[in-house]
Amino acid sequence: MPRRRFRDSAAFVEDGVTNLSIMDSQNTPRLLVCNNDHTVRLMSLPGLDLLTELKFPTAVNYAAISPDGTKMCVVGDSNLVFLFNKRGDSFEKIATLTASEDASFSCDFSQSSELFAVGSQDGYVTVWDIRSHQQRLVQLETFQHGRSRGACRNVKFSPSGSVDLLAFSEHSSFVNIVDTRCFEKRQILRVAGTNEEPMAQTPDSPTMAEPDYQITGLRFAYDSSALFVGLEGSILEYSVDRVSRHSFPSSAII
């Protein structure tokens, strides 16, 4: 079978792809492509045929589909958040929301598909309930909020319904894990390099004296048993204390 170059497809353009994600649509694989040319494109797999193209007033940085496949959230180089209904391969915009005062880099839906969160350049993470999306549920700050290194780059909900966590990473060094049962309990991790032990911190105690490490990615394991944090030269794995998470109340997250 001949190898197919991405440039052969009309869906890939010179302006550059910012994010790719593979998803199932009615048990059919699909590729969701976010692009600097102000578009989100839905493509077939493995054929890479263009199925749907949505245009936006700004470059698109990230798009997330809810686990139940009925909603999509899109964010980009503005403070606007675009919310869509999804039916098959078609999308209908239902709301345009405002996250913070700056551009947004990441978004995600909770396992129940009821909550969605957006992480922004100015160090805010904004959470909405899909059932009352015109009003914010809560707005959280990164540990380094107010500094360029405190920009929120990645935001992820735990995918297992029995573990109710929201994790978000900062541009460098810090990862925040929040209990989404109340949004009042938080654990802050200061990541370390491959030859150092990771440090678990409370919100009042993280130190700024350690070396900085740029964080490149963030994801929970499929069963929420671990949190993986990508650095420029390594991937760190943190175990999630799921036993403590099943007890109420509990502040033991990782």
Side-chain angles (χ1 to χ4, degrees), residues 17-24 29 31-32 34 61-67 73 75 104-113 115-120 123 125 127 140 142-144 149-181 183 185-203 206 210-246 250-254:
V17 173
T18 56
N19 188 71
L20 298 171
S21 59
I22 296 175
M23 49 171 281
D24 282 333
L31 180 65
L32 194 64
C34 303
N61 293 325
Y62 204 93
I65 302 291
S66 61
C73 179
V75 297
S104 299
F105 289 106
S106 183
C107 57
D108 196 31
F109 283 89
S110 65
Q111 175 65 19
S112 67
S113 299
L115 305 180
F116 62 102
V118 171
S120 302
V125 174
V127 183
L140 308 167
T142 61
F143 172 66
Q144 301 174 103
R149 67 180 64 181
C152 181
R153 301 298 190 191
N154 298 276
V155 57
K156 294 293 179 185
F157 283 95
S158 53
S160 171
S162 60
V163 179
D164 313 272
L165 299 176
L166 172 65
F168 52 93
S169 65
E170 306 184 20
H171 178 72
S172 63
S173 300
F174 289 93
V175 174
N176 303 255
I177 304 110
V178 177
D179 185 341
T180 62
R181 293 176 297 189
F183 290 99
K185 297 183 181 296
R186 181 191 304 207
Q187 184 173 351
I188 299 176
L189 301 177
R190 197 191 202 293
V191 300
T194 55
N195 297 323
E196 302 175 62
E197 289 296 323
M199 301 171 61
Q201 315 269 0
T202 65
E210 302 297 325
D212 280 329
Y213 296 93
Q214 184 171 340
I215 299 173
T216 59
L218 182 75
R219 181 167 291 276
F220 282 96
Y222 74 95
D223 60 355
S224 300
S225 63
L227 177 67
F228 299 95
V229 180
L231 306 182
E232 290 183 314
S234 61
I235 298 176
L236 308 179
E237 179 180 358
Y238 297 87
S239 297
V240 176
D241 187 350
R242 291 183 293 174
V243 174
S244 296
R245 293 296 304 156
H246 296 164
S250 173
S251 60
I253 297 176
I254 290 182

#### Entry: Results of side chain to side chain donor-acceptor pair (under 3.5 Å) for Thr18 - residues two or more places apart only
none
### Query
What closest approach, in Å, do Asp24 and Pro29 show between heavy atoms, and which atom pair accounts for it?
OD1-CA, 3.9 Å
### Query
Would you say the side-chain atoms of Asn154 pair up with the backbone N or O of Ser106, donor to acceptor, closer than 3.5 Å?
no
### Task
Kindly compute the distance separating OG (Ser104) from CZ (Arg153), expressed to the nearest 0.5 Å.
11.5 Å
### Task
Find the distance between CZ (Phe157) and OG (Ser113) and round it off to the nearest 0.5 Å.
10.5 Å
### Task
Look only at the side chain of Ser173 and the backbone of Tyr213, and say whether a donor-acceptor pair between them is shorter than 3.5 Å.
yes
#### Entry: Rounded distance [0.5 Å steps], OH in Tyr238 versus CG in Leu227
8.0 Å
#### Entry: Donor-acceptor contact below 3.5 Å, side chain Glu170 vs main chain Phe143
yes
### Query
Can you tell if the side chain of Lys156 reaches within under 4.5 Å of the side chain of Ile177, non-hydrogen atoms only?
no
#### Entry: Six-ring centre of Phe228, Arg219 cation under 6.0 angstrom, axis tolerance 45°
no
#### Entry: Distance, nearest 0.5 Å, that separates CG of Asp108 from CZ of Phe220
9.5 Å
### Query
Is there a side-chain contact between Phe109 and Pro67, using heavy atoms and a 4.5 Å cut-off?
yes
### Query
When you measure from the side chain of Ser224 to the backbone N and O of Ser158, does any donor-acceptor pair fall under 3.5 Å?
no
### Query
Would His171 and Arg149 count as having a side-chain donor-acceptor pair, cut-off 3.5 Å?
no
### Message
Could you report the tightest heavy-atom contact between Cys152 and Phe168, atom names first, then the distance?
### Response
SG-CB, 3.8 Å
### Query
How far does CE of Met23 sit from CD1 of Ile65, to the nearest 0.5 angstrom?
4.5 Å
### Task
Go through Val191 and Gln214 one step at a time and tell me if the side chain to side chain contact (heavy atoms under 4.5 Å, CB included) criterion holds.
CA-CA 9 Å; Val191 300; Gln214 184 171 340; over 6 Å; no
### Summary
For Cys73 and Phe116, the nearest pair of non-hydrogen atoms, with its separation, is SG-CD1, 4.1 Å
### Message
Under 3.5 Å, is there a donor on one side chain and an acceptor on the other for Asp164 and Gln111?
### Response
no
### Query
Do you know which of Leu166, Asn176, Val155 makes side-chain contact (heavy atoms from CB on, under 4.5 Å) with Leu140?
Leu166
### Summary
For Gly150 and Thr142 the tightest heavy-atom approach is O-OG1, 2.8 Å
### Atom pair CD1/CG of Ile215 and Leu231 - distance to nearest 0.5 Å
6.5 Å
